[in-house]
2 protein chains.
Amino acid sequence: MATQPVAAGRPATIHDIAALCGVAASTVSRALANPDRVNIRTRERIQAAAVELNYTPNSQAKALSSGRTGAVGVLVPDITNPFYFDLIRGTQLQLKAAGYTQLLVDTEESDEVEASTLEQLRKSADGVIVAASRLNDEALAAAAARMPMVTVNRDVDGVPAVIIDTPSAMPQALDHLISLGHTSVAYVSGPAVSQSSARRWAALSAAAESRGVDVRIIGPFAPKTQSGAAAADAAVHSGVTACIVFNDLIAIGMLQRLRERGLRVPEDMSIVGCDDIFGADFCNPPLTTMSSPIEQAGRVAVSMLLAQLNPLAGGGNRSRSVMPTHLTVRGSTGPASPN
Amino acid sequence: MATQPVAAGRPATIHDIAALCGVAASTVSRALANPDRVNIRTRERIQAAAVELNYTPNSQAKALSSGRTGAVGVLVPDITNPFYFDLIRGTQLQLKAAGYTQLLVDTEESDEVEASTLEQLRKSADGVIVAASRLNDEALAAAAARMPMVTVNRDVDGVPAVIIDTPSAMPQALDHLISLGHTSVAYVSGPAVSQSSARRWAALSAAAESRGVDVRIIGPFAPKTQSGAAAADAAVHSGVTACIVFNDLIAIGMLQRLRERGLRVPEDMSIVGCDDIFGADFCNPPLTTMSSPIEQAGRVAVSMLLAQLNPLAGGGNRSRSVMPTHLTVRGSTGPASPN
DNA sequence: CAGATTTTGGCAATCGGTTGTCAAGCCGGT
DNA sequence: ACCGGCTTGACAACCGATTGCCAAAATCTG
């Protein structure tokens with residue numbers, strides 16, 4: 001009757017196809033999943049019927065019987081942090097390309113939410129990508145032992161990871177400040193549980209020592225623009241002329257606060273951010289920051305996870321991938337004030 | 001042996017509990033889902049066993065037999081557009097609170113991707129929230145007939161919607177510009193298929209007519225900062241002294257382009273954005289824009305969808321919810337230049 | 001205390017697939 | 001023409017829950 005491909009009331013099942021072709025449901029299943037196990041004529045009949053009925057396999061049922069869900073969980077501490085937008089977009093694109101569904105969860109910066117989400121995902125996802133985990137190494141390693149996992153910006157023995165190598169750009173940032181005449185610098189630190197923050201501080205203080213520059217640490221601060229106010233006040237109070245900040249969100253908040261207080265950037269204080277997030281190029285002044293290919297990091301994380309899921313598909317699965325980082329100089333850094 | 005709650009190799013099933021308690025699996029199912037149908041002593045035994053085995057129901061299996069998946073799809077045209085961050089966070093929070101899982105999909109501004117995603121989601125989600133749909137009314141209504149749906153910023157007969165009422169702030173924005181002496185204004189339009197853009201233009205041109213002001217439309221432009229360059233050039237060429245822009249992304253892009261061309265904002269050109277996204281408050285100059293409670297819109301959309309899913313839980317389900325909007329004046333608007 | 005009524009809990013079918021097993025059918029080799 | 005080997009496709013069990021139905025047990029009624 002209808003020329004269009006049957007907009008039936010209920011989605012077609014494998015049984016509808018079987019009935020239409022006069023074969024058993026299992027034959028249909030095989031014809032679709034494992035074509036060479038079925039006679040080519042039968043197979044073509046079945047495939048034609050599948051198209052005609054507009055058949056799409058029911059993913060729930062498939063998951064139940066096969067054990068694979070075709071979904072991957074992506075855990076981020078805070079969806080509204082722009083840093084994760086690009087990461088999420090990277091994972092989303094790569095997962096879709098591979099035919100997987102992305103389950104995005106905001107763990108609200110909480111290790112408990114993170115842990116319970118991981119437990120839940122264990123049944124409803126084939127694997128997880130965990131960005132900036134708030135769990136301790138032990139818990140994370142235990143979770144990774146239970147299901148395929150790739151971490152982002154988190155190094156734990158035995159857990160494949162994508163590391164955005166901001167620490168390597170720290171000496172570069174410091175040299176940039178030194179070349180501008182700064183000799184007293186503060187590191188504005190992120191959350192205490194953030195391994196990224198710790199690594200950045202370690203790299204920075206090592207570089208400072210080898211160069212004989214005074215670098216102190218202040219914080220910790222939550223990774224939000226609102227924290228920037230307290231950070232700016234603390235930086236001013238500490239008497240430094242330049243700050244290297246855990247991330248761009250805090251840095252942008254500092255910019256705003258310094259302006260409120262009538263201090264000029266970079267004349268009175270130079271600021272270097274981290275991540276080069278959305279907004280870093282158009283804030284006032286534009287932020288000097290450490291840039292990295294975040295979206296690409298998301299894609300790499302997915303590739304590494306998929307390599308774990310289908311070990312056959314070759315390409316020895318690396319367990320650690322480091323993304324390069326470089327300093328992008330904009331307007332928030334300048335010569336140290338003479339006083 | 002282990003004092004901890006059994007970190008067994010395989011997640012516990014309803015059958016494990018049944019075996020442990022010496023009852024049938026169905027009794028366990030009832031005890032957990034429908035407690036008063038089971039003897040209190042048996043029930044407590046079962047519940048204790050469930051806790052001890054660290055039981056979590058398998059959502060796939062539950063979905064298969066009950067028909068409900070416990071998941072809700074959220075479709076946005078572009079994950080990296082900051083406008084959607086707050087929306088996504090709103091839906092995420094509300095869905096989690098109601099025990100649902102969020103399936104986030106980026107439809108890449110494509111009606112085809114959107115349509116195929118909806119078809120796919122029909123089996124794997126209980127309902128969908130569609131933000132800024134690129135589908136035509138007919139296709140959208142058809143999809144809504146097949147599964148529970150709530151749209152955001154899209155009005156289609158018979159489909160419940162959350163509308164962020166930016167059009168109502170248009171007269172306010174225009175009056176603001178008029179009060180600053182502007183008499184020649186351009187509307188920088190968004191995607192041709194965006195109903196939001198059309199509604200904003202309609203409201204603006206109506207207000208302009210009643211006030212006797214010249215307002216022309218330029219565009220369409222893609223909702224990205226990159227489009228701002230072309231938009232700024234077109235605006236300058238058209239000779240207007242002020243622009244009301246489809247959204248903040250384009251507006252911020254215009255700000256950058258105007259600066260590049262050596263034009264001052266607001267002295268040479270006033271800019272009014274739309275949405276008050278992340279970044280609108282710290283760009284240079286800070287953007288005058290139409291603000292609205294986006295995260296709340298996400299929460300409302302979820303509530304409306306859940307009302308459709310559980311019609312019992314009272315609260316006559318409204319089919320349309322309008323979110324208020326107001327003008328936020330910042331630094332990107334100022335007096336019209338005298339020439 | 002018998003009979004009627006209500007609880008209570010087990011059996012089995014079902015959801016939509018996947019997969020192991022096995023009989024039938026086909027082929028060529030001798 | 002007979003036999004072994006390989007292909008093909010049907011049957012049925014199974015994944016982990018939900019749910020209708022019914023029998024046994026417990027409670028109430030007169």
Side-chain angles (χ1 to χ4, degrees), chain A residues 8-47 49-50 53-71 99 119-126, chain B residues 8-47 49-50 53-71 99 101 120-126:
Chain A
R10 189 180 37 77
T13 75
I14 196 179
H15 297 98
D16 299 330
I17 299 179
L20 189 62
C21 298
V23 301
S26 58
T27 303
V28 176
S29 174
R30 280 213 184 69
L32 266 25
N34 203 347
D36 14 79
R37 297 272 303 128
V38 164
N39 181 306
I40 183 157
R41 293 225 309 282
T42 314
R43 183 208 311 169
E44 282 174 352
R45 212 151 38 99
I46 289 174
Q47 289 174 336
L53 294 175
N54 193 21
Y55 168 78
T56 330
N58 179 313
S59 55
Q60 320 287 339
K62 187 181 283 193
L64 188 55
S65 57
S66 69
R68 273 162 286 112
T69 65
E119 182 58 31
Q120 155 104 15
L121 244 31
R122 191 168 153 207
K123 285 149 185 157
S124 50
D126 295 342
Chain B
R10 189 179 37 80
T13 74
I14 199 177
H15 296 98
D16 298 330
I17 299 179
L20 190 61
C21 297
V23 300
S26 58
T27 303
V28 177
S29 175
R30 279 212 185 68
L32 266 24
N34 203 347
D36 12 80
R37 297 271 305 129
V38 163
N39 182 305
I40 182 156
R41 293 225 308 284
T42 313
R43 185 206 312 169
E44 283 173 352
R45 213 150 38 97
I46 289 174
Q47 290 173 336
L53 293 176
N54 192 22
Y55 168 77
T56 328
N58 179 314
S59 54
Q60 319 287 339
K62 188 182 282 194
L64 188 56
S65 57
S66 70
R68 272 161 287 111
T69 65
T101 302
Q120 155 105 13
L121 245 30
R122 191 167 155 208
K123 284 151 188 157
S124 50
D126 295 343

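Quick note: numbers below take in every heavy atom, side chains included, and nothing from hydrogens, waters or symmetry partners.
- For B:Asn39, whose side chain is taken as the heavy atoms from C-beta onward, the closest listed nucleotide among D:dA17, D:dG9, C:dT8 is C:dT8.
- With hydrogens and angles ignored, the 3.5 Å screen pairs a side-chain donor or acceptor of B:Asn58 with a backbone N or O of B:Ala61.
- The phosphate of D:dG16 has neither OP1 nor OP2 within less than 4.0 Å of any side-chain N or O from B:Tyr55.
- Of the residues near DNA chain C, B:Arg43 and A:Arg68, the one whose nearest nucleotide (by heavy atom distance) lies more toward the 5' end is B:Arg43.
- Distance from the side chain of A:Thr42 is smallest for D:dG9 among the nucleotides C:dT18, D:dG16, D:dG9.
- Of the candidates D:dA17, D:dT18, C:dG16, the closest approach to any side-chain atom of B:Ser66 belongs to D:dT18.
- B:Lys123 places a side-chain N or O within donor-acceptor distance of the main-chain N or O of A:Thr56, the cut-off being under 3.5 Å.
- No N or O donor and acceptor, one from the side chain of B:Arg37 and one from the base of D:dG20, sit under 3.5 Å apart.
- Nearest to the side chain of B:Asn58, among C:dT18, D:dA17, C:dG9, sits D:dA17.
- Inter-residue side-chain proximity for A:Val38 and A:Asp36 is flagged as unmet; no heavy-atom pair is nearer than 4.5 Å.
- A donor-acceptor contact under 3.5 Å is formed by the side chain of B:Arg30 with the base of C:dG10.
- Residue A:Asp16 contributes atom CG, which lies 11 Å from atom P of C:dC15 at whole-angstrom precision.
- When heavy atoms are screened at a 4.0 angstrom cut-off, A:Ser29 is found touching base atoms of the nucleic acid.
- Residue-level contact check: A:Asn34 touches neither bases nor backbone, having no heavy atom under 4.0 Å from any strand.
- Listed nucleotides: C:dC15, D:dG9, C:dT18. Nearest to the side chain of A:Lys62: C:dT18.
- Backbone-only engagement by A:Val23 is indicated by non-hydrogen atom pairs under 4.0 Å involving sugar-phosphate atoms exclusively.
- In this structure, A:Ser26 reaches the bases: a heavy-atom distance under 4.0 Å links it to at least one base atom across the strands shown.
- Regarding contacts with the backbone of C:dG10, a side-chain N or O of B:Thr27 is found under 4.0 angstrom from either OP1 or OP2.
- The B:Ala24 side chain lies nearest to C:dC11 when the options are D:dG9, C:dT8, C:dC11.
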